[in-house]
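Here the structure comes first, spelled out in structure tokens, and everything after it is commentary.
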There are 2 protein chains.
Amino acid sequence: MSRSEKAEATRQSILDRGQMLVLQKGFVGVGLQEILKASGVPKGSFYYYFPSKEAFGCALLQRYVEGYLAQMDQLLAADLPDGRIRLMRYWSAWLAGPEDPARGWAEDCLVVKLAAEVADLSEDMRRVLNDGVAALVARIAGMIAEARADGSLPAGAPPQALAQMLYQMWLGAALLTKLSRDRTAMQQAFTATEALLVCPGPQAATPNFSGGRS
Amino acid sequence: MSRSEKAEATRQSILDRGQMLVLQKGFVGVGLQEILKASGVPKGSFYYYFPSKEAFGCALLQRYVEGYLAQMDQLLAADLPDGRIRLMRYWSAWLAGPEDPARGWAEDCLVVKLAAEVADLSEDMRRVLNDGVAALVARIAGMIAEARADGSLPAGAPPQALAQMLYQMWLGAALLTKLSRDRTAMQQAFTATEALLVCPGPQAATPNFSGGRS
DNA sequence: AGTAACTAGACGACCGGTCTATTAATGATT
DNA sequence: AATCATTAATAGACCGGTCGTCTAGTTACT
């Protein structure tokens with residue numbers, strides 16, 4: 001392994017452990033020391049890899065967003081019967097990942113965990129996350145458009161607006177799930193999503209959704 | 001002013017300033033020192049008023065939730081034409097408060113700001129916030145039920161489920177607004193809410209499609 | 001061998017939450 | 001009304017951790 005390859009590996013290792021820790025303790029809640037110790041990297045080396053904690057945060061978010069979008073692209077490229085199924089598979093992933101059925105994307109979502117914190121903390125970090133979300137929503141909108149094109153979804157609200165609305169609903173559901181430790185909010189979001197997708201424009205009637213929360 | 005009255009006033013002052021600071025810097029992001037200085041209370045006095053920072057956090061959340069629910073009850077008691085208008089006035093408050101039209105409840109919402117942070121930080125704080133949200137959603141559900149009773153809203157999904165779904169949508173919208181600094185997400189939530197409320201009821205004609213998924 | 005890439009950890013200034021000792025104010029007892 | 005006991009409130013030290021800097025040292029490629 002070449003010198004700079006190893007350096008890159010170290011950098012990634014810091015980012016890896018950092019992501020785990022940030023996910024459970026928040027960005028300001030976790031210290032450099034802790035991240036470094038967990039990565040087996042000495043304290044002093046940090047500022048060789050990153051100019052500041054904030055820059056580290058940006059890199060972390062950037063990497064996360066890229067990974068997320070890559071997973072989405074993989075989903076987009078998958079050979080599935082139709083667009084509607086493809087779209088619904090995306091939402092299913094929030095509930096349960098392919099590997100661990102008990103741990104969906106929602107639990108590991110940095111947007112859920114960091115959006116509120118980062119928005120007031122660092123303009124740079126905010127922008128990285130915000131751009132990521134925008135790209136994400138655009139892809140959802142694309143999926144909706146495709147599903148309509150192949151006839152698996154009916155026409156309705158503009159894809160961009162619908163995508164945004166669905167995403168924010170899921171975001172809220174994930175947040176409430178985190179707070180309540182009860183996943184029914186997410187299951188309800190799933191049901192609501194199905195209903196909303198087949199829902200015509202604002203003026204027309206909307207099909208019912210039935211989600212249960214005791 | 002009696003001795004203990006003054007003490008209570010001091011306590012409230014700490015809670016007041018604390019809420020402002022926590023709202024913009026997060027719970028771990030703000031230090032006792034800063035809060036105390038802003039309240040004009042000497043540092044050493046903190047542990048006279050609160051047994052710990054966590055207990056302070058619980059008191060903060062408790063007070064916030066109580067205030068929020070009180071505002072809702074005020075709205076519920078208001079003399080308005082019908083239940084639907086009452087409900088929509090509640091959602092309007094998210095967008096713009098009665099005093100400051102540019103600053104709705106969303107911007108000052110501790111649930112938006114703290115839910116993700118607190119959920120992993122302190123079980124006690126988590127529970128206070130979660131119970132508050134549950135009470136809040138119950139009130140929304142109540143409003144829906146009333147609006148249906150007076151005929152201003154059509155029958156539809158169970159009030160509790162609908163209330164929860166709407167609340168999480170608004171939560172997500174507020175989070176995204178914080179992140180993007182763009183209030184269109186909130187306005188969109190408003191439109192979506194109006195559409196969702198007039199959804200037809202559980203259709204006997206339509207088999208429940210959450211069970212019959214391919 | 002020379003030079004760049006990388007590691008190492010001590011160090012600084014400051015801030016975190018917590019605790020103990022002390023002063024200030026009050027109410028009770030003579 | 002003067003003293004005392006008790007409580008309210010404060011001051012400041014405490015230890016550990018924060019981010020960030022700096023310089024000396026080690027490793028590896030040219």
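Lettering follows sequence order; numbering is per chain, from 1.
- In terms of phosphate contacts, A/Gln33 brings a side-chain nitrogen or oxygen within less than 4.0 Å of OP1 or OP2 of D/dT18.
- Summarising the geometry, the separation between CG on A/Leu32 and P on D/dG20 is reported as 7 Å, rounded to the nearest angstrom.
- With respect to the salt-bridge test (charged N to carboxylate O, under 4.0 angstrom), the residues A/Glu146 and A/Arg139 do not qualify.
- Figure legend: cation-pi geometry between A/Lys53 and A/Phe27, with NZ or CZ positioned under 6.0 Å from the six-membered ring centre and within 45° of its axis.
- When rounded to the nearest whole Å, the span between NZ of A/Lys53 and C1' of D/dG17 equals 12 Å.
- A donor atom on one side chain and an acceptor atom on the other are found under 3.5 Å apart for B/Asp182 and B/Thr184.
- Contact annotation: B/Ser45 side-chain N/O to D/dA9 OP1/OP2 distance is not under 4.0 Å.
- The distance between atom CZ of A/Phe56 and atom C1' of D/dG20, rounded to the nearest whole Å, is 15 Å.
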*Under the salt bridge (Lys or Arg N to Asp or Glu O under 4.0 Å) criterion, do A/Asp131 and A/Arg126 qualify, and how do the steps go?*
CA-CA 8 Å; A/Asp131 291 352; A/Arg126 201 209 103 227; over 6 Å; no
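- Following rounding to the nearest Å, A/Lys37 (NZ) and C/dG9 (P) show an atom-to-atom distance of 14 Å.
- Contact annotation for A/Val30: backbone-only contact, meaning every heavy-atom pair under 4.0 Å involves sugar-phosphate atoms and none involves a base.
- Residue B/Ile14 contributes atom CD1, which lies 11 Å from atom P of D/dA9 at whole-angstrom precision.
- For B/Pro42, taking side-chain heavy atoms from C-beta onward, the closest of the listed nucleotides D/dC19, C/dG17, D/dT10 is D/dT10.
- Within 4.0 Å (heavy atoms only), B/Gly44 reaches at least one base atom of the nucleic acid.
- As rounded to whole Å, 6 Å separates atom C1' of C/dC6 from atom OH of A/Tyr49.
- For A/Tyr48 and C/dC6, the shortest distance from a side-chain N or O to OP1 or OP2 is below 4.0 Å.
- Between the CZ atom of B/Arg11 and the C1' atom of D/dA8 there is a distance of 15 Å, given to the nearest Å.
- Atom CZ of B/Arg17 is surrounded by 12 or fewer heavy atoms from other residues, nucleotides or ligands within 6.0 Å.
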Would you tabulate the nitrogen or oxygen pairs shorter than 3.5 Å linking the protein to nucleotides 13-16 of chain D?
none

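- A salt bridge links A/Asp108 with A/Arg103: the closest approach of a Lys/Arg side-chain nitrogen to an acidic carboxylate oxygen falls below 4.0 angstrom.
- If you take CZ of B/Phe46 and C1' of D/dA11, they are 16 Å apart, rounded to a whole angstrom.
- Residue A/Arg11 holds its CZ atom at 8.5 Å from CD1 of A/Ile14, rounded to the nearest 0.5 Å.
- Both B/Tyr47 and A/Val28 lie close to DNA chain D; mapped to their nearest nucleotides by heavy-atom distance, the more 5′-ward contact belongs to B/Tyr47.
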